[in-house]
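The shown structure was predicted, so the numbers you read here are calculated from the model rather than taken from an experiment.
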Amino acid sequence: MTGRRFWVANGALLVVVAVVAYFGLNALLHKSAAHAATRTATVTTGTVSQTVTASGNISAATSQSVSFATGGTVSSVNATVGENVVAGQTLATLDPGPAQAALAAAQDQLSAAEDNLSLAESGNESPPQVQQDQATVATDQAAVASAQATLTTDQTTLATDQAACSATKAASVSASATGTPTGGGSSGGSVGTGTGSTSGTGGGAPVSTSTSTTTSPTSTSSTNACTQATAAQQTVNQDQNALNQANNTLTQENLSIAAKRYVSPATILQDQAQVTSAQETVTQDQKTLADTTLVAPFNGTVTALTGTPGQTVSGGGNSSAASSGASASGSGGSGSGAAATGASSTASSSASSSSSSSSSGFLTLQDLSSLQVVAGFPEASAVKVRVGQPATVTLSATGTTVPGSVAAVSEVPTVVSNVVTYSVTISLSNPPSSVQNGMSATVAVVVGSATNALELPSSAITTTGNRSTVELLKNGKQVLTPVNVGLVGDTTTQILSGLSIGDVVAEPSATVSSTGSATAGTGTRIGGLGGGLGGFGGGFGGG
């Protein structure tokens, strides 16, 4: 009985010790776990960046399906797949025979139209007829000049004769006034009679007889000079008539030529229109002939070739298929710093469609020295993207990162399975040779950045509505402190006010998570202890 009481007393003591040990150990473990789970962050200065991400595929910035602009039979192909060509280099040719024949016929039509216009402008006269008219006019002009010269000469002679006539008449009058016998007709008789009467000798009759029978040299000279002047006047009159006749002949010839050469303005306009139309045909046929040679529009690499010699092509011209116009939809981050989970099937199908489309021409030419990525951003992210923003392109296969920038943002959305995305083109800056066309990649576009800013890990900030707070550590205690935040970056947030550089805050989310884990671990350990005590009790009862 004494032994039994001993074991009962000692057993009770052991139970008390076990309970005390349980509560003490539990408190110690809980305190240690809480202390270990509390993580802190310090306010520093740096750059806060906000990015949005999406996925896509590497493609050539310039890609064009090159085809003949005119139809015909392919006579030669001068390029191969993978060949690097330069702008203007001959890629293929068509048989130029039909185009050359068409051009020759158009040139003949143009020459005929130009001849018709020239004939109309020259008065419907051929060059020999024009030359004949010009010769006739020249002859008539020479006749006028000759008649004018004759008239001028005879007018000079007339003036001379008229002067001589006037001079002899003046001399005769002067002699009559001085009483000098001149025998000049009635004047001489009067002088003789007057002389007889003055002398009173009665000899008037003999004097009168002498005067009437004697001819003065002055009188004869005057008569001859005036006769010559009269004849010269008649010659001048004849010359004037001849000149008038020559002028009339010249005038009539000019009028006749003008009448023959008259063409209505409407006829000339019609002929000019025919020349213009024929010239346009020649220009078009010249272009058609030039288009029988297919040349590279830019420096690039031939990535596809479907044409072969002997093939008949219908033409239609080169069609541009720049890869920047392709629609690509990838899974992108809808918020700050959200990572893309991978390229969607839509992006792959769009890329395949673009490749198929670009290969439908005679050949496909791409500028592989200039690469880009076309990625589909969700609308929530796309509204933040602007041309010129910096970006980083990460290759999915190698993890290589290449810098770039936003080159274009599509204004037309793509909707797949009720998901709205916008295509964004990112140009790669100096990509290494390891970057190949068609590789899948993830792009991160920096849509916001604050430099030299106070920053704190976003996990240390608790935001409810428009109110943000932190657990500021002061004197070993956590003090709930409101803060004014700015740009929310991928991992950090800009602090505008409420904290200073060097302040230390606790990260509440980490504390709760660690405490829970510690509590769970303690519970597990205590359960084991209870099992042990149960076993001990069972053993005790058995004793």
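- With 3.5 Å as the limit, one finds a donor-acceptor pair spanning the side chains of Asn237 and Gln233.
- Side-chain contact, Thr303 with Thr364: no donor N or O sits under 3.5 Å from an acceptor N or O.
- Although no hydrogens or angles enter the test, the distance criterion places no donor-acceptor pair under 3.5 Å between the side chain of Thr93 and the main chain of Ser75.
- For Gln274 (side chain) and Ala112 (main-chain N/O), no donor-acceptor pair under 3.5 Å exists by modelled atom type.
- The two residues Ala444 and Thr51 come nearest to each other via the heavy atoms CB-CB, 4.5 Å.
- Of all heavy-atom pairs between Ile426 and Phe377, the closest is CD1-CE1, 4.4 Å.
- The closest side-chain heavy-atom distance from Val137 to Asn254 is below 4.5 Å.
- Counting only distance, with no hydrogens or angles, the side chain of Ser396 and the backbone of Met439 share no donor-acceptor pair below 3.5 Å.
- Formation of a donor-acceptor pair under 3.5 Å by the Ser146 side chain with backbone atoms of Ala142 is not found in this model.
- Using a 4.5 Å heavy-atom threshold, the side chains of Ser55 and Val443 count as separate.
- Looking at heavy atoms from C-beta onward, Val409 lies out of side-chain contact with Arg386 at the 4.5 angstrom threshold.
- Without hydrogens or angle criteria, Thr292 side chain to Thr288 main chain gives no donor-acceptor distance under 3.5 Å.
- In this structure, the side chains of Val236 and Leu151 come closer than 4.5 Å at one or more pairs of heavy atoms.
- Here the straight-line distance linking atom CG of Asp161 with atom OG1 of Thr156 works out to 11.0 Å at 0.5 Å rounding.
- Remark: Asp285 pairs with no residue by the salt bridge (Lys or Arg N to Asp or Glu O under 4.0 Å) rule, at least two apart or across chains.
- Between Lys287 and Thr283 there is no side-chain heavy-atom pair separated by less than 4.5 Å.
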Chi angles and distances behind the side-chain hydrogen bond (donor to acceptor under 3.5 Å, both in side chains) call for Asn241, Gln245 | CA-CA 6 Å; Asn241 291 334; Gln245 183 61 37; over 6 Å; no
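- Of the inter-residue distances, the one linking Ser369 atom OG with Leu428 atom CG reads 12.0 Å to the nearest 0.5 angstrom.
- Across Thr401, Thr394, Thr400, a single residue satisfies side chain to side chain donor-acceptor pair (under 3.5 Å) together with Thr398, and that is Thr400.
- Annotation for Thr306 and Gly361: closest pair OG1-O, 2.7 Å, computed over non-hydrogen atoms.
- Atom CG of Asn299 and atom OG of Ser370 lie 12.0 Å apart (nearest 0.5 Å).
- Between Phe68 atom CZ and Leu94 atom CG the span is 4.0 Å, to the nearest 0.5 Å.
- Between the side chains of Gln366 and Asn437, at least one donor-acceptor pair of N or O atoms lies under 3.5 Å.
- No donor-acceptor pair closer than 3.5 Å links the side chain of Ser410 to the backbone N or O of Ser423.
- The closest side-chain heavy-atom distance from Val66 to Pro297 is below 4.5 Å.
- For Gly376 against Thr421, the heavy-atom pair with the smallest separation is C-CB, 4.2 Å.
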Assess whether side-chain hydrogen bond (donor to acceptor under 3.5 Å, both in side chains) is satisfied between Ser440 and Asn57, documenting all intermediate values.
-> CA-CA 4 Å; Ser440 60; Asn57 294 88; 5.1 Å; no
Verdict with supporting geometry, Val402 and Thr392, side-chain contact (heavy atoms from CB on, under 4.5 Å) | CA-CA 6 Å; Val402 182; Thr392 301; over 6 Å; no
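- Within 6.0 Å of CD on Gln132 lie no more than 12 heavy atoms contributed by other residues, nucleotides or ligands.
- Taking 4.5 Å as the limit, some side-chain heavy atom of Gln311 sits within range of a side-chain heavy atom of Phe362.
- The main-chain N or O of Glu114 is never found under 3.5 Å from a side-chain atom of Ser118 such that the two would form a donor-acceptor pair.
- Here the straight-line distance linking atom OG1 of Thr153 with atom CD of Gln148 works out to 10.0 Å at 0.5 Å rounding.
- A donor-acceptor pair shorter than 3.5 Å cannot be found between the side chains of Gln252 and Asn248.
- Gln141 places none of its side-chain heavy atoms less than 4.5 Å from the side chain of Val144.
- In terms of heavy atoms, Lys384 sits closest to Ala380 at CE-O, 3.8 Å.
- Between the OG atom of Ser67 and the CG atom of Leu91 there is a distance of 11.0 Å, given to the nearest 0.5 Å.
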Evaluate side-chain contact (heavy atoms from CB on, under 4.5 Å) for Val406 paired with Thr425, printing each intermediate quantity in order.
-> CA-CA 6 Å; Val406 177; Thr425 302; over 6 Å; no
Mind running side-chain contact (heavy atoms from CB on, under 4.5 Å) on Thr168 and Asn224 for me, showing each step along the way?
-> CA-CA 9 Å; Thr168 55; Asn224 291 338; over 6 Å; no
